[in-house]
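Please read the structure below before turning to the comments.
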Amino acid sequence: MSTFTDLGLSAPVLKAIAALGFEHPTEIQQKAIPQLLSGDSDLVALAQTGTGKTAAFGLPLLERIAPESRTTQAIILAPTRELCLQITTEMQSYARYLKGVSIVAVYGGASIQEQARALKRGAQVVVATPGRIKDMISRGLADVSRVEYCVLDEADEMLNMGFYEDLTDILSHTPADKSTWLFSATMPDAVARIARDFMHHPSEVTVGGRNESTATVRHEYYVVGGRERYAALKRLADANPGLFSVIFCRTKRDAQKVAEKLIEDGYNAGALHGDLSQNQRDLVMGAFRKRQLQLLVATDVAARGIDVDDVTHVIHYQLPDETETYTHRSGRTGRAGKSGISLIILTRSERGRIRALERITGRPFEEKPLPSGMEICEIQLYHLADSIRNTEIHPEVKTFLPAVKDLLEGLDRDALIAKMVSVEFSRFAEFYARNEDPKGSTEGQRGETPLPHGGQARFFINVGERDGLDWMILKDMLKEATGLGKEDIFKVETKDSFSFFSTEADVAPLILESLKGAHLEGRAIKVELTDGPPPGKGGKKPWKKGGKKTYGKKGKPYSKGPGAKGKKRKKTTGKR
Ligand code: AMP
């Protein structure tokens, strides 16, 4: 196995690498570094994120620039602000023992004047997002006319994000005889075109094969009914207690909704998508990095450049439209030689896409049944026993032990253990006792409650005028919770402490699923299919089940987790 010294790096760089704890160069580093140190030829490198590609171009780049000159000698273009900052931080740590080297990040969403000042002080290496650097070049705030090295990182993502024009514009301001190093996880036509149009006879290095995903990632898929994605996600999360995962959704709205539902259901989850402000996104990413969040629910665009090691699972809540995006998503796990799992939730009609994914990744995909409630309970039980065994006893506990022992007086060891594990176990056992196990993928769509076929469905909901609702507020609340339109929910009737509404029968599963776990003023909302009373009439009350009900403050809006906004309107008649 080769060492970093074998690759021809200098003493200060080797010292920085040793300080970072890198012992051996990764495959891409072994292949790219000697070439980039010795020759001036252009390079196309096919490597996923997580393979050590930043050091593969960063280390030789630092060796080749002249620290005594303050002109910008190298520009690294990356698709997102996050990636841009990561590259900068990483390069700065490689340059720790190199005197006089300045690496500056330039990206949108931050003060352009401050970035311009940093460039003016002199930066040999500029790491930039295409939009911002193009802007700065055109305003005379950045000068790339004497650049000797240009790195295009995650070139496929930059092109996916529509940066082709910006890239060609930026490159047109750089000298024709510079060296260009292009790094990309995949080689779609657009990237090949960049290589053809802007590079001179590039040499090519590939790790893990063209368009292949890392060999350390295992791929599994679960076939579910269209409306069962969330229930399936919950099962997968419960069956993997140590999960540290990025969950990918296709739209911003789905990412937000899924994250909200997970939070309500007691998971440490957060959403990451383009509708959040930069500040909110930084907070979410910070919490994920610190492991305060276990589940990060993200869109593809927002998740680009997420560079968090030790992600155990990537979960595809929905498959991406572009097959190649799958490679990027699953590259978020199995990084730096660790193993990772990519789990796909898909419907029967999407099953055909698995073949294409197997082709593009060069890896087998395994179909698996969703874990049953009992399996999940068992996994959770062992996990709990394991955490108890591995928990360090806090020194302060001693102070309270005599009193605690008094409280538990009379319980023998077995009873004590059984009671302890039941604290957590009961939560899962009760949930899965209420929610039927999946009957297998061949059944197609399966509701957890018997559902009406054809015609209309009538629902009972345990909130009413006492909760500050009238038919309009309730309808708004239902629209917001389900994503249905105003025409889809009709015959809304509010009573004092409960209400009724109707929908077409085919959206009934959506109603039941969307409102599962919803709360109004801290009170769990219950929705049931009912056959009475018919709209506008009285009738018997099959829904009255007894049991004490507690109510929140009157007129307070419905809440579905952080970020959900309720609506409050003037009260109107109780029927529609
Ligand atoms: P990248 O593919 O550049 O995003 O790198 C993925 C992760 O691997 C980063 O956290 C790097 O710091 C780390 N890394 C890069 N090269 C090595 C190496 N030779 N040994 C161990 N870790 C590395």
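In this text, all values refer to a predicted model and were calculated from it rather than measured experimentally. Counting convention: from 1, in listed order, for ligands and their atoms alike. Basis for what follows: all heavy atoms, side chains included, without hydrogens, waters or symmetry-related copies.
For ligand 1, none of its N or O atoms has an N or O atom of Tyr94 under 3.5 Å away. Residue contacts with ligand 1: Glu23 is placed with no nitrogen or oxygen under 3.5 Å of a nitrogen or oxygen of the ligand (distance criterion only).
Of all the heavy atoms of Phe57, none lies under 4.0 Å from any atom of ligand 1, so neither backbone nor side chain is involved.
Within the listing of ligand 1, atoms 19 (N) sit less than 4.0 angstrom from a heavy atom of Phe4. Here is the list of ligand 1 atoms found below 4.0 Å of a heavy atom in Thr54: 1 (P), 3 (O), 4 (O). Residue contact check: His24 has heavy atoms under 4.0 Å from atoms 18 (C), 19 (N), 20 (N) of ligand 1.
Salt-bridge annotation for Arg355 and Glu358: present, with a side-chain N of the basic residue lying under 4.0 Å from a carboxylate O of the acidic one. With respect to Lys261 and Asp265, no salt bridge is recorded, no charged nitrogen being found less than 4.0 Å from a carboxylate O.
Geometrically, Arg193 engages Tyr164 in a cation-pi contact, judged by NZ or CZ lying under 6.0 Å from the ring centre and within 45° of the ring axis.
A salt bridge (Lys or Arg N to Asp or Glu O under 4.0 Å) with Asp300 is found for one member of Arg329, Lys252, Arg250 and no other, namely Arg329. Each of His313, His316, Arg218 was evaluated against Ser342; a single residue qualifies, His316, per the side-chain hydrogen bond (donor to acceptor under 3.5 Å, both in side chains) test.
The closest approach between any non-hydrogen atom of Gln86 and ligand 1 is not below 4.0 Å.
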**Message:** What verdict does the salt bridge (charged side-chain N to carboxylate O under 4.0 Å, His left out) test give for Glu148 and Arg64, after you've listed the backbone C-alpha separation in whole Å, the side-chain angles of each residue and the deciding distance to 0.1 Å?
**Reply:** CA-CA 9 Å; Glu148 290 169 53; Arg64 300 198 67 143; over 6 Å; no
